[in-house]
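Before any comments, here is the structure.
Predicted model, so just to flag it, every value in this text is computed and none were measured. In what follows, every chain begins at residue 1, and chains take the letters A, B, ... in the order their sequences are listed.
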Amino acid sequence: MDHQKIVTHHGNSLKTRFALRFIRSLTQIKTAAPTVSSMGTLRKRSSIIKLAADASMASAVGPKRSWSRAVLFKIRNRARIHALARQQKESNKKKEKEKNCKKDVVLGEEMEKELFGANELRRVVPGGESMDLFRLLDETAHYMKCLNTQVEVMQSIVDLYSPKT
Amino acid sequence: MSTRRSRSRQSGGGSSSRITEDQINDLVIKLQQLLPELRHRSSDKMSAARVLQDTCNYIRSLHREVDDLSERLSELLSTTEISSSQAALIRNLLLQ
């Protein structure tokens, strides 16, 4: 009864929506393979848990953000994307080289640095490759807040489960 | 998608664009306020390039934390029992 009340009271916060989804996934992961013996399967399970954490956060955010759409798309199509990425890696390298040569001529040092920072951001923010600068910065701010929440919730679950000393 | 990308290059290069420099600056300041190390610094001396770089580093460190926590959870899952009643308990504790 009491717990039901708390859930509905906080039902709209992102933290709650993430926590509920993530705990549900953890329960499913545990049910699917109750005991894990080897190091290999332990590692495989960590990556499944990470995927579950990312998917839970992205689905808690919903489709209104580009980065959450990109995360969900990547997770759903990860096998296909993996194969495609390997094919495109070579041709992209060539293109990148050509691009960099052109940029050096046109831009000043400060602008160059700024663009470099933005390009690095494009690599760490999901879906960032196809965003304009304004969208990229806006999505980055939101993504950072969500990552913080993700870490916070995961940390509290770890703390709860860790043997008390 | 491709038109958007080319527009972003134009705005980055300083040519005319619908997005003003002020709007970009506001967002850079917003990012800076989200960075634990830079939050309390005065905003005037921080270059946009520096904020973007530190933002990248911070996001990477958060990614590493998520990796580590996933590993910890993977270990803990094999030694602890997580039943639906326990999940409810965790929910309660988290949502307080």
Side-chain angles (χ1 to χ4, degrees), chain A residues 2-3 6-7 10 15-16 19-20 23-24 26-27 29-30 34-36 42-43 45-47 49-50 53-54 106-107 110-111 113-118 120-121 123-125 129-138 140-141 143-145 147-148 150-151 153-158 160-162, chain B residues 1-2 4-5 7-14 17-19 23-24 26-28 30-31 33-35 47-56 58-60 62-63 65-67 69-84 86-96:
Chain A
D2 209 12
H3 130 83
I6 292 164
V7 170
H10 293 270
K15 188 177 167 184
T16 312
L20 292 178
I23 290 166
R24 204 186 302 142
L26 280 182
T27 325
I29 292 166
K30 172 72 176 173
T35 50
V36 166
L42 204 62
R43 223 171 293 143
R45 183 143 85 178
S46 329
S47 68
I49 290 172
K50 190 188 147 31
D54 290 346
V106 189
L107 300 170
E110 187 58 25
M111 188 62 84
K113 260 196 232 159
E114 230 168 274
L115 274 188
F116 179 70
E120 261 203 289
L121 265 187
R123 251 169 263 148
V124 295
V125 176
E129 305 88 357
S130 55
M131 293 175 200
D132 62 42
L133 188 59
F134 183 79
R135 168 59 72 86
L136 176 70
L137 297 180
D138 186 44
T140 302
Y143 181 57
M144 238 164 39
K145 278 189 222 159
L147 275 179
N148 264 320
Q150 199 181 25
V151 167
V153 170
M154 289 176 85
Q155 185 66 59
S156 11
I157 297 175
V158 165
L160 280 168
Y161 272 136
S162 296
Chain B
M1 287 283 231
S2 62
R4 241 189 216 168
R5 210 177 295 180
R7 208 207 303 154
S8 84
R9 269 193 209 118
Q10 278 173 14
S11 63
S17 152
R18 259 170 288 169
I19 295 153
Q23 281 176 302
I24 299 288
D26 285 349
L27 279 172
V28 170
K30 191 177 166 192
L31 280 181
Q33 279 160 354
L34 289 170
L35 295 169
S47 77
R50 171 78 199 281
V51 173
L52 293 188
Q53 186 58 54
D54 284 20
T55 304
C56 281
Y58 184 55
I59 290 177
R60 288 209 183 90
L62 287 171
H63 283 162
E65 267 187 80
V66 171
D67 286 343
L69 287 166
S70 302
E71 251 171 67
R72 286 284 294 139
L73 280 171
S74 177
E75 289 160 13
L76 287 168
L77 266 195
S78 19
T79 53
T80 38
E81 212 45 61
I82 176 168
S83 58
S84 50
Q86 241 200 319
L89 180 83
I90 298 169
R91 266 195 292 259
N92 264 338
L93 285 165
L94 279 176
L95 305 181
Q96 269 164 16

Next item on the list: For A/Lys30 and B/Leu77, indicate whether the former's side chain and the latter's backbone hold a donor-acceptor pair under 3.5 Å.
Entry: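 Yes, A/Lys30 side chain to B/Leu77 backbone: donor-acceptor pair under 3.5 Å.
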Note to self: Please check this pair: side chain of B/Ser74 against backbone of B/Ser70, looking for a donor-acceptor N/O pair closer than 3.5 Å.
What the structure shows: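 It does not hold such a pair.
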Margin query: For chain B, which candidate among A/Gln155, A/Arg43, A/Met144 shows the most heavy-atom pairs at distances under 4.5 Å?
Written below: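 Maximum pair count with chain B is reached by A/Met144.
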Notebook entry, point to check: Do you know the tightest heavy-atom contact between B/Cys56 and A/Val124?
Noted result: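 The pair with the smallest heavy-atom distance is SG-CG2, 4.3 Å.
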Notebook entry, point to check: Going by an N to O cut-off under 4.0 Å, is there a salt bridge joining A/Arg123 and A/Glu120?
Noted result: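 Salt bridge: no.
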Item checked: Contacting moiety of A/Gln150, where chain B heavy atoms sit under 4.5 Å ->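 Contact with chain B involves the side chain of A/Gln150 alone.
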Item checked: For chain A, the option from B/Leu69, B/Val28, B/Asp26, B/Leu52 that forms the most heavy-atom pairs under 4.5 Å ->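 So the answer, after comparing B/Leu69, B/Val28, B/Asp26, B/Leu52, is B/Leu69.
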